[in-house]
Amino acid sequence: MLLNLNIIDLAVVKSLDLDLEKGMSVLTGETGAGKSILLTALGLALGDRADSGYVRPDSKRAEINLEFDLADAPEAQHWLKENDLDDEHHCLIRRIVNQDGRSKAYINNRPVTLQTLQALSEKLVEIHGQHAHLTLLNSDEQRRLLDVYAKDQPLLDQVNACYRQWQQANKELETLIKAGKDKAEREELLRYQIEELQQLDLQNFNYPALSEEHSKLANLGQILTVGQSQVDILYENDEQSISQMLGHSLNELTHIARFAPELNEICSLLSEAQIQTEEAAQQLRRFLESQEADPQRMDILENQIAIIQNLSRKHHVKPDELPELSDKLEQELDGLTHSSERIEALKTSTAQLLEQYNQLAVQLSEQRKQASKNLAQQISAMIKELGMPQGEFLVDVTALDLETPKLNGRDKIEFLVSANPGLPAKPLAKVASGGELSRISLAIQVTTSNDKTTPTMIFDEVDTGIGGGIAEIVGQKLRSLSQNRQVMCVTHLPQVASQAHYHLYVEKNNKADITSSNVRVLNDEERVQEIARMLGGVNITANTLAHAKEMLFQSTAGH
């Protein structure tokens, strides 16, 4: 359960440190006091999306810390161990939102992703929003609620896994069958393209080497002319070659080195330079002598390069990618050649998967039908208590006759209600008024929550649209729900608030330049005052106080 909620610089909350208890706690306060910010804080800490608007003005960041006792949350303990985030029987969650809207999340002081935080949060806290009755009209939400009540998730997972395998196999099958219609033409084209590429001798294909050889032959005249001129300059020019000039410098410096020994090293360098110059000239001469024009080889190279470039443009690939293209085309041709075998294998596979899916879907449908009867009975009984004495709630599970599988089974699940005897049951959206829909929604939430393992449940003004004696019953139901878990309820109804074990009060402070809100636990006398305020508004009379005391006394005496 949630032991402590700590908030720093979040919207209207400057600083809050709130210890929480097991059982039922209500949160009340005047309109605009900031009740919603506590739910916002919890939502952020549990993985909701963040933005910079949550940070209190003139603050660098907002921070929310939650401390949980995991003694009543075995699923959360197991999850933490599996993800190497466990810390005995406690769990600390921290969420930081910076001024620029970026946020960080931590579990037991270790940084985690938002997805990881959300995965854990589902096992710790369940929040029922004040607009839950609107989502109740959604058919997928009705299916989800029935599946939660039926506890059929393992079977549902098998159904969906089988559906996805069938979908993947069937998609491949349809692709191959469609491709088979143009198979002959495609095979002929592939064979032609492969033969065309194979003329390139792909086993020994080296386009960069061909290009280099072609470039050399194409520029051979320039190579010979420039090369011979450099041989002359380096060595063979009798009048003024580089070798002769180096020799002349070496002689002159050797002569004066007798008087300046420091020049001996320079002489050595010039001697080495002369030797290397002569060697370079000789190597260049040998290279030039080995070169000769080869018009026939030039024609062959030009023809090969032209073919390569034409094929490269034709297939929209680079020249050196042609061998890889040939491999791909051969693989496709092989696939087409053996596609008949693959089609038969896929037909067998999809048929087997379809049969398996149908068997699982039938089992799922039976589980849903059995659970739907019990769920309908329990909700019918509860809506009668909640001011619909003639109301009947039905869960219609109809197995659809579909040729192909679908996600979540073949069933169409619909919640129906009959508000008066003798009238046929109709879908919720067509029958229930706003107030009736709120009561039905609350009945469903309480009923489907009884079997859940989530240790903390939060109800945000789910009692909207009811009052009087019905509100008292709602309070009793929420209190009974808290017998084996922690229940927090944001409410504006004194009948609900009086049923709580603990009463949290949100108050607004306008003394500073910036509005701030605070939350505190009310003592017995303060609870009487707050219940009286909720009953009588601004002017609290002695009768109102007496009524408030009576409500609190009856709620504690009855439990």
Side-chain angles (χ1 to χ4, degrees), residues 39 43 46-49 118-119 121-123 125-157 159-160 163 361 364-365 367-380 382-383 386 388 391-400 402 406-419 425-454 456-466 474 477-478 481 489-490:
L39 294 174
L46 297 171
D48 285 352
R49 293 288 173 185
Q118 290 165 349
S121 299
E122 291 174 358
K123 305 178 188 309
V125 179
E126 183 175 308
I127 299 178
H128 296 268
Q130 55 183 303
H131 301 297
H133 61 286
L134 298 178
T135 60
L136 184 60
L137 301 178
N138 183 282
S139 59
D140 195 58
E141 174 67 6
Q142 294 178 9
R143 178 204 58 76
R144 187 190 69 80
L145 286 168
L146 176 59
D147 284 333
V148 168
Y149 180 82
K151 297 180 180 178
D152 56 24
Q153 192 63 45
L155 182 55
L156 181 62
D157 289 342
V159 168
N160 287 338
Y163 162 76
L364 179 61
S365 186
Q367 283 195 22
R368 284 170 169 168
K369 286 177 181 177
Q370 290 176 14
S372 69
K373 296 175 184 176
N374 294 331
L375 179 61
Q377 288 175 0
Q378 291 184 36
I379 295 175
S380 292
M382 192 168 293
I383 63 174
L386 295 178
M388 297 176 65
E392 288 294 334
F393 185 85
L394 298 174
V395 180
D396 184 45
V397 180
T398 304
L400 301 175
L402 302 174
K406 73 180 188 73
L407 202 62
N408 299 318
R410 294 183 179 276
D411 299 320
K412 177 186 177 184
I413 296 163
E414 192 169 31
F415 288 178
L416 309 170
V417 67
S418 172
K426 293 183 179 179
L428 290 183
K430 295 182 179 179
V431 176
S433 65
E436 289 173 334
L437 195 55
S438 294
R439 279 175 272 175
I440 294 169
S441 172
L442 186 60
I444 292 171
Q445 290 174 56
V446 172
T447 303
T448 55
S449 296
N450 273 323
D451 295 323
K452 290 182 182 175
T453 58
T454 312
T456 298
M457 304 188 71
I458 298 171
F459 294 86
D460 178 18
E461 295 192 14
V462 295
D463 48 19
T464 301
I466 61 174
V474 169
K477 296 296 181 186
L478 291 172
L481 196 60
C489 179
V490 179

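Computed from heavy atoms alone, side chains included, the values below leave out hydrogens, waters and symmetry copies.
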Nearest heavy-atom approach of Arg368 to Asp152 is CG-OD2, 3.7 Å
Taking all atoms of both residues into account, what is the closest heavy-atom pair of Gly409 and Asn160, and its distance? N-OD1, 4.5 Å
Say whether, by atom type as modelled, one donor and one acceptor occur between the side chain of Thr454 and the main chain of Val125 under 3.5 angstrom. no
Find the distance between CG (Asp460) and CG (Leu39) and round it off to the nearest 0.5 Å. 4.5 Å
If I compare all heavy atoms of Arg410 with all of Ala361, which pair ends up nearest, and what's the gap? CG-CB, 4.3 Å
With the side chain counted from C-beta on, respond yes when Val490 and Phe459 share a heavy-atom pair under 4.5 Å apart, and no when they do not. no
Can you list the steps and then say if Tyr149 with Thr447 is a side-chain contact (heavy atoms from CB on, under 4.5 Å)? CA-CA 8 Å; Tyr149 180 82; Thr447 303; 4.2 Å; yes
Heavy atoms of Ile383 and Ala443 approach each other most closely as CG2-CB, 3.8 Å
Any side-chain heavy atom of Ile413 sitting closer than 4.5 Å to one from Ser139? no
Derivation and outcome, side-chain contact (heavy atoms from CB on, under 4.5 Å), residues Leu155 and Gln367: CA-CA 9 Å; Leu155 182 55; Gln367 283 195 22; 3.5 Å; yes
A side-chain contact here means heavy atoms from C-beta on lying under 4.5 Å apart; do Met457 and Leu481 qualify? yes
dist Ser372:OG -> Gln377:CD (nearest 0.5 Å) comes out at 9.5 Å
Separation between CE of Met382 and CD1 of Ile444, rounded to the nearest 0.5 Å: 10.5 Å
Is the shortest heavy-atom distance from the side chain of Leu416 to the side chain of Glu414 under 4.5 Å? yes
SB check Asp140 Arg144 (cutoff 4.0 Å): no
If the threshold is 4.0 Å, N to carboxylate O, is there a salt bridge linking Asp411 and Arg143? no
For Ala376, is there any backbone N or O sitting under 3.5 Å from a side-chain donor or acceptor partner on Lys373? no
Pair Gln153, Asp157: side-chain N/O donor-acceptor within cut-off below 3.5 Å: yes
Flag the pair Asp48 / Leu46 as yes when at least one side-chain heavy-atom distance between them is below 4.5 Å, and no otherwise. no
Are Phe415 and Asp396 close enough, and set up right, to give a side-chain contact (heavy atoms from CB on, under 4.5 Å), and what steps lead you there? CA-CA 6 Å; Phe415 288 178; Asp396 184 45; over 6 Å; no
Taking every heavy atom of Ala425 against every heavy atom of Leu394, the minimum-distance pair comes out as CB-CD1, 3.6 Å
Search all heavy atoms of Lys151 against all heavy atoms of Pro154 and return the closest pair with its distance. O-CD, 4.1 Å
Evaluation steps, side-chain contact (heavy atoms from CB on, under 4.5 Å), between Val159 and Asn408: CA-CA 7 Å; Val159 168; Asn408 299 318; over 6 Å; no
